[in-house]
J.: 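Dropping the structure in here first, questions after.
Heavy-atom basis, side chains included; hydrogens, waters and symmetry copies ignored. Note on naming: letters A, B, ... go to the chains in the order of the sequence lines (proteins, then strands), and numbering restarts at 1 for each one.
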Amino acid sequence: MENKKIQASIEAILFAKGESVEVKDLITALECEEEEIREAIDHLKTMYAKSDRGIQLVELEDAIQLRTKEEFYDALIKITTVPRKQTLTDAALETLSIVAYKQPVTRLDVEKIRGVNSDSPLNKLLEYGLIQEVGRLDAPGRPLLFGTTEQFLRSFGVKSIDDLPQMSPDVLEDFKAQAEKEIQIKLDI
Amino acid sequence: MENKKIQASIEAILFAKGESVEVKDLITALECEEEEIREAIDHLKTMYAKSDRGIQLVELEDAIQLRTKEEFYDALIKITTVPRKQTLTDAALETLSIVAYKQPVTRLDVEKIRGVNSDSPLNKLLEYGLIQEVGRLDAPGRPLLFGTTEQFLRSFGVKSIDDLPQMSPDVLEDFKAQAEKEIQIKLDI
Amino acid sequence: MAIPVKLEVFEGPLDLLLHLIEKNKVDIYDIPISLITEQYLEYVQNMPKEDLNVVSEFLVMAATLLDIKCKMLLPKQETEEGEEEIDPRAELVQKLLEYKMYKYMSLELKDMQMESERYLYKKPTIPKKVQSYKAPLDYEALVGDSTLQALNDLFLVIMKRNEEKIDPIRSGFGKIVKEEVDLDKKQLEVCAYIEAHKKCMFTELLSEQKNKMDTIVTFLIILELIKVGSIGIKQDETFSDIEITYEKPFVKIELQ
């Protein structure tokens with residue numbers, strides 16, 4: 001298939017589906033080599049990046065999806081209905097960060113780190129489709145293991161779990177230093 | 001607002017809405033002159049018309065909408081339809097054998113022979129194109145008569161219905177005699 | 001330390017501890033355990049007691065704190081190897097650090113979520129033509145390994161099963177029609193028949209009957225007639241036909 005046609009076909013598919021489309025499905029449907037598809041995706045990305053375009057192509061693990069550019073949000077909310085915000089409680093956010101950074105985790109893992117029973121936030125996150133069951137731990141009772149979903153990547157604007165902001169003791173040290181500095185500043189005033 | 005930005009905003013709006021958007025709403029949302037909007041729409045139209053694009057801008061009355069180009073429907077079909085992998089159930093096979101050997105038959109004929117309501121397998125066979133309506137019985141209610149199709153002949157490797165292995169009246173008589181004998185034995189016990 | 005009138009809500013005991021550590025501006029690696037324990041207990045005492053599960057979680061931590069406090073009060077002992085004993089607070093500090101790290105990341109996530117909310121996605125708009133498309137049937141897969149012979153065999157099985165289903169005796173009864181039987185009339189009929197024939201076969205009498213109910217009633221009438229001695233019966237062998245003979249004039253019998 002011609003390059004231009006591959007590109008156009010991918011755009012047509014992404015537009016009509018609206019949802020994310022796996023690269024491997026594109027390979028099958030368009031009967032192309034993976035390389036050709038990857039190339040077309042890169043072209044599309046470059047094309048959308050231009051300033052006269054209102055949409056962009058995002059990658060989510062091994063899937064791609066179209067979405068509007070962030071800068072047009074203010075214009076968009078005037079004319080379209082924006083999906084209702086999912087406000088997560090602090091407990092849910094804490095739980096989610098544990099699942100995201102330590103996945104796969106069991107209920108007990110989360111509970112141990114938070115120091116409190118976390119069934120309710122875990123269930124909420126499952127309900128929101130931000131986390132999912134990903135298997136069972138090979139341990140007595142074979143407890144369920146949880147991981148994050150593609151919806152999680154979308155909702156938090158990351159390509160993959162590896163792209164989550166780094167979490168290291170260094171970061172924490174920085175955070176601490178910063179906090180101390182802030183207090184210092186306040187004290188100085 | 002800069003021309004490019006108007007164009008990009010319109011694209012973002014059309015994309016997020018998915019459905020048609022009235023030009024006057026665009027004017028309000030983007031706080032532009034109608035002329036500017038019209039110009040941007042024309043630009044978008046020309047851009048989408050290029051062969052490496054999978055979507056098109058269509059105008060309907062005083063509204064505009066983005067749509068998938070028809071030439072990419074095949075690609076879309078390939079990615080949205082799950083291949084049907086079906087096999088004939090036992091009920092369908094039984095029903096098919098009755099239609100094949102006793103055609104033309106009514107629903108009631110099949111039901112009497114199978115001893116159970118056979119609407120579902122009959123409908124499935126009709127949907128598969130293995131049987132078809134061949135007329136109506138000249139009886140109260142004028143029930144539909146079913147027979148096998150050419151597809152049936154093709155699938156089962158027969159040239160014509162006459163080539164179906166015949167069920168001779170003798171065989172049927174044998175069955176009857178056998179059945180009676182069996183009942184007799186039961187009574188004797 | 002004065003307890004605020006309105007108690008702050010904490011996610012859990014670790015959250016509360018972190019709060020106390022930050023509030024007192026002390027080093028997490030060198031927690032003044034007496035002070036923190038005291039404040040922690042003060043908070044727990046004032047906790048709403050509605051949910052015992054929640055309270056118990058906080059109490060477990062209180063016990064841990066008291067345990068650490070005790071250990072800290074004891075003089076430091078060197079182990080046999082001459083190494084210094086591990087700080088009793090070490091485990092708690094580790095837990096607090098881990099929790100703090102995730103709590104910090106959860107705030108990062110919160111920001112990320114807020115930013116991502118500014119991206120809009122599109123609902124599927126699959127053209128009708130595409131939606132209504134039906135993939136062609138794979139007839140080879142559909143038919144599988146059923147051959148014409150298999151179909152033929154199957155048909156024979158069905159016909160055989162069908163014949164067996166029909167009980168040749170009962171199928172002779174024909175259709176069952178719900179019908180009220182006039183007992184008096186029926187009795188008169190049966191009596192008239194036997195009287196007219198003087199001698200008749202039971203099957204002959206039954207063959208006169210229109211339906212199951214008539215047959216049953218006739219049978220009952222015969223039984224009654226035998227009982228009152230109006231008729232006599234004779235059967236040569238089991239299952240053979242029964243011969244009915246007229247004995248004496250009929251009297252009206254009461255069937256129940």
Side-chain angles (χ1 to χ4, degrees), chain A residues 14-20 55-56 58 65-74 76-77 80 82-83 85-98 100-102 110 112-118 121 152-158 164-165 167-169 171-172 175-176 179-180 183, chain C residues 8-18 21-29 51 53-61 64 92 94-131:
Chain A
L14 290 180
F15 174 81
K17 293 250 314 180
E19 300 153 358
S20 69
I55 48 177
Q56 61 184 185
V58 279
Q65 187 168 13
L66 291 180
R67 70 178 185 199
T68 60
K69 284 184 186 168
E70 185 261 333
E71 61 217 81
F72 302 109
Y73 180 76
D74 296 328
L76 279 167
I77 50 167
T80 62
V82 176
K85 280 184 192 171
Q86 275 174 354
T87 7
L88 295 175
T89 60
D90 287 347
L93 272 167
E94 263 181 46
T95 306
L96 185 60
S97 84
I98 294 166
Y101 283 96
K102 263 188 97 88
V110 177
K112 269 189 184 160
I113 293 170
R114 295 193 59 229
V116 280
N117 179 299
S118 303
F152 166 78
L153 297 179
R154 245 192 311 274
S155 294
F156 291 84
V158 275
L164 283 174
M167 180 167 70
S168 65
V171 172
L172 207 66
F175 178 56
K176 211 180 109 190
E180 274 166 10
I183 290 165
Chain C
E8 235 181 295
V9 178
F10 294 99
E11 289 301 331
L14 288 170
D15 199 22
L16 170 56
L17 265 187
L18 274 182
I21 287 166
E22 272 159 29
K23 193 174 173 178
N24 290 289
K25 297 194 185 85
V26 294
D27 190 347
I28 198 165
Y29 291 102
D51 192 342
N53 283 327
V54 174
V55 176
S56 68
E57 275 164 347
F58 280 85
L59 285 176
V60 170
M61 178 58 74
T64 309
L92 180 65
Q94 209 48 49
K95 274 193 111 172
L96 276 170
L97 279 177
E98 193 181 19
Y99 173 70
K100 192 176 174 177
M101 195 145 69
Y102 286 112
K103 196 175 160 67
Y104 171 60
M105 293 326 287
S106 80
L107 297 174
E108 289 272 288
L109 285 177
K110 198 174 184 174
D111 288 345
M112 286 164 67
Q113 191 191 21
M114 264 165 61
E115 276 168 39
S116 296
E117 271 167 358
R118 294 175 62 87
Y119 296 105
L120 296 188
Y121 294 83
K122 180 182 156 293
K123 283 197 207 99
T125 46
I126 309 285
K128 275 207 184 81
K129 244 188 187 170
V130 173
Q131 251 172 347

J.: Which residue out of A:Q56, A:E70, A:K69 racks up the most heavy-atom pairs below 4.5 Å with chain C?
T.: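 Max contact count across the listed options: A:E70.
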
J.: If you take all heavy atoms of C:S116 and A:S155, which pair is closest and at what distance?
T.: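 Between these two residues, the closest heavy atoms are CB-O, 3.1 Å.
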
J.: Closest approach of A:I113 and C:L14, non-hydrogen atoms and distance?
T.: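 Closest approach of A:I113 to C:L14, heavy atoms only: O-CD1, 3.1 Å.
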
J.: Can you tell me how far the CG atom of A:L93 sits from the CG atom of C:L107, to the nearest 0.5 Å?
T.: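 So the CG of A:L93 and the CG of C:L107 are separated by 8.0 Å.
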
J.: To the nearest 0.5 angstrom, please state how far the OG atom of A:S97 sits from the NZ atom of C:K110.
T.: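 Reported value, rounded in 0.5 Å steps: 12.5 Å.
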
J.: Roughly how far, to the nearest 0.5 Å, is CD of A:E71 from OH of C:Y119?
T.: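 Taking OH in C:Y119 and CD in A:E71, the distance rounds to 9.0 Å.
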
J.: Once salt bridge (charged side-chain N to carboxylate O under 4.0 Å, His left out) is applied, do any residues pair with C:K123, and if so which ones, sequence neighbours excluded?
T.: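 C:K123 satisfies salt bridge (charged side-chain N to carboxylate O under 4.0 Å, His left out) with no residue once adjacent residues are dropped.
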
J.: Heavy-atom distances under 4.5 Å only: say whether C:E108 touches chain A with side chain, backbone, both or neither.
T.: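 For C:E108, the contact with chain A is made by the side chain alone.
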
J.: Which pair of non-hydrogen atoms, one from C:Y121 and one from A:L66, has the smallest distance, and what is that distance?
T.: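 It is CD2-O, 3.5 Å.
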
J.: List the steps, then state whether side-chain contact (heavy atoms from CB on, under 4.5 Å) holds for A:Y101 with C:M101.
T.: CA-CA 10 Å; A:Y101 283 96; C:M101 195 145 69; over 6 Å; no

J.: With side-chain hydrogen bond (donor to acceptor under 3.5 Å, both in side chains) as the test, would you mind laying out the steps for A:E94 and C:Y99 before giving the verdict?
T.: CA-CA 9 Å; A:E94 263 181 46; C:Y99 173 70; 2.8 Å; yes

J.: Check whether any side-chain heavy atom of A:V116 sits under 4.5 Å from a side-chain heavy atom of C:F10, and report yes or no.
T.: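 Counting from C-beta outward, A:V116 and C:F10 never come under 4.5 Å.
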
J.: Hey, could you give me the CG/OG distance between A:D90 and C:S106, rounded to the nearest 0.5 Å?
T.: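 If we round to the nearest 0.5 Å, A:D90:CG and C:S106:OG are 6.5 Å apart.
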
J.: Side chain, backbone, both or neither: which part of A:T80 has an atom under 4.5 Å from a heavy atom of chain C?
T.: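 Answer is side chain: those atoms of A:T80 sit under 4.5 Å from chain C.
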
J.: What heavy-atom pair brings A:Y73 and C:E117 nearest, and what distance separates the two atoms?
T.: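 What the structure gives for the nearest pair is CE1-O, 3.5 Å.
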
J.: Could you have a look at A:L14, A:I55, A:L76, A:L96 and say which one has the most heavy-atom pairs with chain C under 4.5 angstrom?
T.: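 The option with the most such pairs is A:L76.
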
J.: Test of understanding: with side chain to side chain contact (heavy atoms under 4.5 Å, CB included), list the residues that count as partners of C:K122, not counting sequence neighbours.
T.: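 C:K122: side chain to side chain contact (heavy atoms under 4.5 Å, CB included) contacts with A:F15, B:F15, C:T125.
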
J.: Might you work through the side-chain contact (heavy atoms from CB on, under 4.5 Å) test for C:E11 and A:R114, ending with a clear yes or no?
T.: CA-CA 8 Å; C:E11 289 301 331; A:R114 295 193 59 229; 3.2 Å; yes

J.: Output the distance between atom NZ (A:K17) and atom CD1 (C:I126), rounded to the nearest 0.5 Å.
T.: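 It comes to 6.0 Å.
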
J.: Is C:E57 close to chain A through its backbone or its side chain, or both, or neither, when contacts mean heavy atoms under 4.5 Å?
T.: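 For C:E57, the contact with chain A is made by the side chain alone.
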
J.: Which bit of A:L164 is near chain C, if near means a heavy-atom gap under 4.5 Å: side chain, backbone, both or neither?
T.: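 Contact with chain C is through the side chain of A:L164 alone.
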
J.: As an exercise, state the distance from CD1 of A:I98 to CD of C:E98, rounded to the nearest 0.5 Å.
T.: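 Result: 7.5 Å between the selected atoms.
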
